[in-house]
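Notes to accompany the following structure.
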Amino acid sequence: MNLILLGPPGAGKGTQAQMIMDRYHIPQISTGDILRAAVKEGTSLGKQAKTFMDRGQLVPDEVVIGLIDERLRASDCNAGFILDGFPRTTPQAEALQAIFANIEKSMDHVINLDVDPEELVRRLTGRRTCNNCGGMFHILFHPPQKEGVCDRCGGALCQREDDREETIRTRLKEYEKQTAPLIQYYQNKNLLRSIRGGGGQNQIFEQIIRVVDEKVV
Ligand code: AMP
């Protein structure tokens, strides 16, 4: 089962991708996570991406397309995968189609998480991630038992550099300009399944399961 999770920053793509991964045993492929790991390691890819990411801008298409092309060929993608945060522009969506044709795969569903823009800023500013295991928390909606400490592994919880309010506004503008047109793009291909991403994470996940298991359109 090959899925794309589409939606603005803060819509809950990462959280839902992890829940889908646990249930269906297919890997989550997050270009944001791959890029953040490269920045942390200080690789040339990381250095190239960092200036864009810190400003809340998109990393150039050719960089992320190359990453995805390589990642989708790995053997753990044989039974399916969840693309989280890719594609984000029309050229990326077109490149993805070409990659699929090359590796003889196709897309099953594009799940669009639809959330009120004002809600997104509230969600993003409260987000905290574990430095050690990547566990995700939220100071309002999913607080850790002990402030600043991961419940899973005891690691330190941090705010992503690009989750500060000014950068968030830029990321939301980038989304509207570059990524939102993909909703229509996938609608035209009859692949789009829109889900209201406003409720609790379990409620949203139930709707995703319904789409995936029952092929509700
Ligand atoms: P995310 O964790 O998905 O919100 O991504 C964080 C940042 O990584 C974005 O604001 C972009 O700078 C960069 N990024 C992630 N995925 C892509 C993509 N598909 N195209 C361009 N830039 C991306």
Side-chain angles (χ1 to χ4, degrees), residues 2-18 20-21 27-72 81-100 107 110-113 115 117 119-131 134-138 157-183 185-186 197:
N2 306 329
L3 300 178
I4 292 179
L5 279 182
L6 202 62
K13 298 188 295 296
T15 306
Q16 295 301 326
Q18 287 191 0
I20 297 170
M21 181 170 79
Q28 167 197 18
I29 301 175
S30 155
T31 37
D33 286 350
I34 296 172
L35 293 168
R36 273 185 293 279
V39 170
K40 210 170 163 184
E41 283 168 28
T43 62
S44 66
L45 165 69
K47 284 180 191 138
Q48 211 182 338
K50 189 174 186 318
T51 38
F52 296 98
M53 294 172 79
D54 284 351
R55 289 192 214 126
Q57 295 170 344
L58 293 186
V59 171
D61 285 337
E62 57 276 18
V63 175
V64 280
I65 289 168
L67 283 179
I68 287 294
D69 191 7
E70 193 184 322
R71 182 64 186 85
L72 289 181
F81 47 81
I82 312 146
L83 283 174
D84 158 15
F86 184 95
R88 257 174 153 104
T89 65
T90 305
Q92 289 180 22
E94 282 166 354
L96 184 62
Q97 217 173 318
I99 293 170
F100 276 153
M107 191 50 63
V110 177
I111 297 171
N112 179 44
L113 299 178
V115 183
E119 171 75 11
L120 295 172
V121 178
R122 211 155 60 99
R123 286 194 190 182
L124 287 163
T125 48
R127 209 154 73 157
R128 299 291 181 272
T129 313
C130 175
N131 243 348
M136 291 194 282
F137 297 86
H138 193 284
L157 299 184
C158 295
Q159 184 176 38
R160 274 170 46 172
E161 280 293 321
D162 61 349
D163 274 349
R164 299 177 201 280
E165 189 152 347
E166 205 187 300
T167 321
I168 288 170
R169 303 253 173 229
T170 309
R171 289 167 62 203
L172 292 174
K173 277 192 207 138
E174 287 275 273
Y175 167 79
E176 278 306 326
K177 201 168 93 194
Q178 311 230 53
T179 312
L182 294 183
I183 296 174
Y185 177 92
Y186 285 116

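Bear in mind that the values here come from a model prediction, so they are computed numbers and not experimental data. Numbering of ligands and ligand atoms starts at 1, following listing order.
Residue contact check: G32 has heavy atoms under 4.0 Å from atoms 2 (O), 5 (O), 15 (C), 16 (N) of ligand 1. The ligand atoms of ligand 1 that sit less than 4.0 angstrom from a heavy atom of Q92 are 18 (C), 19 (N), 20 (N), 21 (C). Less than 4.0 angstrom separates some heavy atom of R171 from each of these atoms of ligand 1: 4 (O), 10 (O).
The residues E119 and R122 are annotated as salt-bridged, a charged nitrogen and a carboxylate oxygen being separated by less than 4.0 angstrom.
Inter-residue side-chain proximity for L172 and V121 is flagged as met; some heavy-atom pair is nearer than 4.5 Å. Looking only at side-chain heavy atoms (C-beta outward), E174 and Q57 come within less than 4.5 Å of each other. In this structure, N2 and F81 have side chains that are in contact, with non-hydrogen atoms separated by less than 4.5 Å.
Residue, atom and distance of the protein heavy atom nearest to atom 16 (N) of ligand 1 are T31 OG1, 2.8 Å.
Residue contacts with ligand 1 for L35 involve side-chain atoms from C-beta outward but no N, CA, C or O (heavy atoms, distance under 4.0 Å). Heavy atoms of D162 found under 4.0 angstrom from ligand 1 belong exclusively to the side chain. By the criterion of a heavy-atom distance under 4.0 Å, neither the backbone nor the side chain of E174 is placed next to ligand 1. Contact annotation for V59 and ligand 1: heavy atoms of both the backbone and the side chain come within less than 4.0 Å of the ligand.
Which of R36, R55, Q57 comes nearest to atom 6 (C) of ligand 1 through a heavy atom is settled by distance: it is R36. Remark: among candidates R88, K13, M53, the nearest residue to atom 4 (O) of ligand 1 is R88, based on non-hydrogen atoms.
At distances below 3.5 Å, at least one donor-acceptor pair connects side-chain atoms of T179 with backbone N or O atoms of R88. At distances below 3.5 Å, at least one donor-acceptor pair connects side-chain atoms of K13 with backbone N or O atoms of G7. The backbone N or O of D163 sits nowhere less than 3.5 Å from a side-chain atom of T167 that would complete a donor-acceptor pair.
Judged purely by distance below 3.5 Å, without hydrogens or angles, the side chains of R164 and Q159 pair a donor atom with an acceptor atom.
Look at R160 and you'll find a heavy atom under 4.0 Å from some atom of ligand 1.
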